[in-house]
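For reference, the structure discussed in these notes is given below.
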There are 2 protein chains.
Amino acid sequence: MKKKICTLKELALKLNLSISTVSRALNNHPDISNETKLKVVNLANKLNYTPNLFAQGFRKNKTNMIGVILPNVTHYFSATILKGILKQAEVKGYRVFITESNNNVKKQSEMLHTMMQFGVDGILMSISKKTKNIKDILDLLDKIPIVLFDKVSYKIPCTQIVVNEEEASFKAIEHLIHTGKKRIAIIKEDEFSFSSERRFEGYLRALKENAIDIDKNLIISCEDLSLEQGRRMTKLLLGLKNKPDAIFAITDTAAIGVIKTLKKFNIKIPEDIAVIGFSNSLHSTIIEPKLTTVDQPGEKIGKTAIEYLVKEIESSEAYVSSKTIEIKTTLIVRDSSLKTTSFI
Amino acid sequence: MKKKICTLKELALKLNLSISTVSRALNNHPDISNETKLKVVNLANKLNYTPNLFAQGFRKNKTNMIGVILPNVTHYFSATILKGILKQAEVKGYRVFITESNNNVKKQSEMLHTMMQFGVDGILMSISKKTKNIKDILDLLDKIPIVLFDKVSYKIPCTQIVVNEEEASFKAIEHLIHTGKKRIAIIKEDEFSFSSERRFEGYLRALKENAIDIDKNLIISCEDLSLEQGRRMTKLLLGLKNKPDAIFAITDTAAIGVIKTLKKFNIKIPEDIAVIGFSNSLHSTIIEPKLTTVDQPGEKIGKTAIEYLVKEIESSEAYVSSKTIEIKTTLIVRDSSLKTTSFI
DNA sequence: ATTTTCAATGCAAACGTTTGCGGGAATATT
DNA sequence: AATATTCCCGCAAACGTTTGCATTGAAAAT
C-alpha cells in the first residue's frame, strides 16, 4: 500500500504561492525571483518533495524510459552489454526497462507491443534468432526510434551497433596462418545467423588472401553452437582422412567443447591442433589450455547503443538514420594457439 | 521524435460515443451492452489502440513497475535471479526497472531515491557489501514495500529471500567427512559478509557433530573471494606442516583458483585434496576436474522474491512483513570430491 | 395512464504537472 | 509626468484516463 506524497499543490498552499510559480521555481525558470526560488526549494527539500514522474511523463509525452529487449540476460556477453547500457543511460538521464525474449519470436513481438504501450521513448534491441517476420518492427520504426545491437538485421532500416565480425574473424585466421597452420577448420552456424555468416566471410577472405585452398570438409555448420556441438563436430573432424591443424569455433562455448574433446583424444594443443574461439567469455581463462579468442567490448557496445538512441530520441526531426556502427574487437592470444611462427 | 497515437477520444469520435463509454467498453464494464462493447473493441483493434499507461498510472496512482537493485548484473548467479524476476513479474503483470549498484553504497542510496521518484510500486534489492548506513532503507520501509534477496540483512525488518546457507554448507562438509576427509580447510570471507558467516556456521556445526577438532590454521578469511585469492590461500595452506585433505571454498571462483593451484603442484584431486565450491556457476563444469559445488536455484529465488513483493503491494493494509524465506539448495557431487566412502 | 425499475450511456471532475498568456507593480526611459 | 520596459507571478487550459453521478428511453409493474 502506498502512502501519499507531497505535491506541488501542497507546497503552493503552504507558501501562499500559485502552483505554477512553485513549478517554475523548481524548474529554475528565469521568470522567478531568486528569493522565491530559494523559499520553494527549501520547503521542497524539507517536505521531501519528489515530482510525480507519471504526471510529468504524461504531460510532456516523454517518459525518459528506454526499453531493452535481448534474447538472454544470463549470457555473459549480454550482461556486459547491459552493464554499458545501464551506465550510459544513467548518465543521459534515462531509465531502462529490460525484457528477455528467450529467442522466442512471438514473445519478442509482445515485448515490443508492451514497450510501446508503456510509452518508452526509444527501443534498444538484439533480435531473436530466425526473426523472419520483421513487419512488427518495420511498423514501429516510424513511431519510435529503434537501435539494434549485436544481433541485427540489415533488412531493418535503423541504426545498428555491431562488432567488426568479418575483420575480427579475418585477423583470427591470419594469426593461425602466421603460426604455420594451413588446414584450418571452421565450426559455424547455419546461414540464418547474421554474425556467423560475417565471421565466415572473414574466414574465406583470410584463406583467399593467403592463397590457401578451401576444403569443404573443413567447413562445418550446425544449428546451435553449444559445448556439446563443439564436441560432436570435433569428433567429426578427427574422423577425416586429412585432419585439420587448427579449429576456429565461432563461439567460445563451442571452442571449449573442441578443447575438451581434443584433450580426451590426447591431441596436443596448439602443436597438433590449435583452437580459437570468439567472445572472450569468462570460461576462456578457466579452460586449460587457456583459449585464444576475440574480445568483444560489451560495455562499449551498450554505451554506444544508448548514445545513438538518445540522439535520435532528442532530435526534433523525425528522421530515420540507418547507419551501421562497428565496434572494434581485439584478438587475445592465449595458450590454445601458437604464439610465434613455427617453421616446420 | 514521437508520433501521436490513437486515444480514447479518437475512438469516441469515430463511433459517436462518449469517452467514458468507450473506456468502460474496453474495460469490460457491466454497464455497457455487448453490442457496443463489440463495436468498440473492434475499432480499437483496427486502429491499434493502446492505453496510455502513464495516464493510467497517473490516474490510478499505481505504476505496475517494480524496481530492482543489485550489485552486479554480470555475475551469473545474479543474472539467473534476474531471469526469475523478469519471468514472474511478467506473469504478475508488472514491469521491471533494473539498476546496478556496483557495490557502491552511495549509488545504492541514489538508486533508491530515483526509484521512489519514479513511483515504483515496490522494490526488490540485494544490498551492497558493507552497507552500514541502513537509515535510507529503514526510512523507505513505511512508504513502499521492499523485499530483500540474496545479500540481505537481518537489521532491516522486511521480507527476505535467502538460500539455506548454513544447511547447504553443513551438507557439503558432511559429504567430505563421509568420504573419509578429516582435515577440512575453509576459505571464507571476513565477518562482514552475511552469507559467508552463515556458511561458516554450517562448517563449524558439521565438524562438531562429527567430533572433528577445529584447527584454526585451516580457517582462512580474506577480503574478496577472487580466483587469485583462491590461488594465494591454497599456497598458504600447502605451506602448512599438517596439510588439509579437503578445501571448501565458499565461492566457485575461489574454488577454481584452488584447483588450478593444486594441479600446478601436481596434487591429486580429489584423492590427496578434495575441493568443494559454492554456486554451481557455469565454470564448475569447465574446469577439470569438474567441481563439486552447491547449486543455488537463482530463478526460483527471483520468482519467490517477486511473489512476496507483489503480495505486499497488492495487500490493502499497510502491514510490514519480515519473514525470512529459505530456498533449498542441492549439493552437486562431481569429480573434485570422492564419490563413495573411502576406507583407509 | 401513471409510476417504478432498469439497462445503457453521457457529463464532468479529478489525478499532478507544465506552459502560453496576460496583468500588475516596479523600474527605467523619454 | 507620461510612457515604455522589465520583472514576477497567477490564471487556466491541456495531457488521457477513470469513475461517481446524472440522464435518457424503454420496458415492466401498478
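In what follows, every heavy atom counts, from backbone to side chain, and hydrogens, waters and symmetry copies are set aside. Remember, it's a predicted structure, so these values are computed and weren't measured experimentally. We name chains A, B, ... by the order of the sequence lines, and we start the count at 1 in each one.
- A:S18 contributes no side-chain N or O that forms a donor-acceptor pair with the base of D:dC11 under 3.5 Å.
- Nearest-nucleotide positions on DNA chain C place B:T21 closer to the 5' end than the other of B:T21 and A:L8.
- Looking at heavy-atom distances under 4.0 Å, B:N34 makes no contact with the nucleic acid at all.
- Put simply, NZ on B:K9 is 15 Å from P on C:dA12, counting in whole angstrom units.
- In this structure, B:H29 places its NE2 atom 10 Å from C1' of D:dG20, rounding to the nearest Å.
- Residue A:M111 holds its CE atom at 10.5 Å from CE of A:M125, rounded to the nearest 0.5 Å.
- Taking atom CD1 on B:I19 and atom P on C:dT9, their separation rounds to 16 Å, with Å as the unit.
- Separation of atoms CD (B:E110) and CG (B:L112) is listed at 10.5 Å; rounding is to 0.5 Å.
- Residue-to-nucleotide proximity on DNA chain C shows that, of B:R24 and A:A55, the 5′-proximal contact is made by B:R24.
- Contact between the side-chain N/O atoms of B:S33 and the OP1/OP2 oxygens of C:dT9 is found at a separation under 4.0 Å.
- The CD atom of A:E35 sits 16 Å away from the P atom of D:dC7 (whole-angstrom rounding).
- For the pair B:K37 NZ and C:dA7 P, the computed distance is 13 Å after rounding to whole Å.
- The CG atom of B:L140 sits 5.0 Å away from the CD1 atom of B:I146 when rounded to the nearest 0.5 Å.
- A:T7 comes within 4.0 angstrom of the backbone, heavy atoms only, and of no base.
- Remark: the A:D31 side chain and the D:dC8 base include no donor-acceptor N/O pair separated by less than 3.5 Å.
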Just do the side-chain contact (heavy atoms from CB on, under 4.5 Å) check on A:F149 and A:I327 with the steps written out, would you?
-> CA-CA 11 Å; A:F149 64 93; A:I327 307 289; over 6 Å; no
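- Contact annotation: A:Y49 side-chain N/O to C:dG16 OP1/OP2 distance is not under 4.0 Å.
- When the C1' atom of C:dT9 is taken as reference, atom CG of B:N27 falls 16 Å away, rounded to whole Å.
- If you measure from atom CD1 of A:I32 to atom P of C:dT19, you get 13 Å, rounded to the nearest angstrom.
- In this entry the distance linking CG of A:L13 with P of C:dT17 reads 14 Å, nearest Å.
- Between D:dT19, C:dT9, D:dC9, one nucleotide has an atom nearer to the side chain of B:S20 than all others, and that is D:dT19.
- Going from atom NZ of A:K83 over to atom OG1 of B:T74 covers 4.0 Å, rounded to the nearest 0.5 Å.
- When distances are taken from the side chain of A:L17 to each of C:dC15, D:dC9, C:dT17, the shortest belongs to D:dC9.
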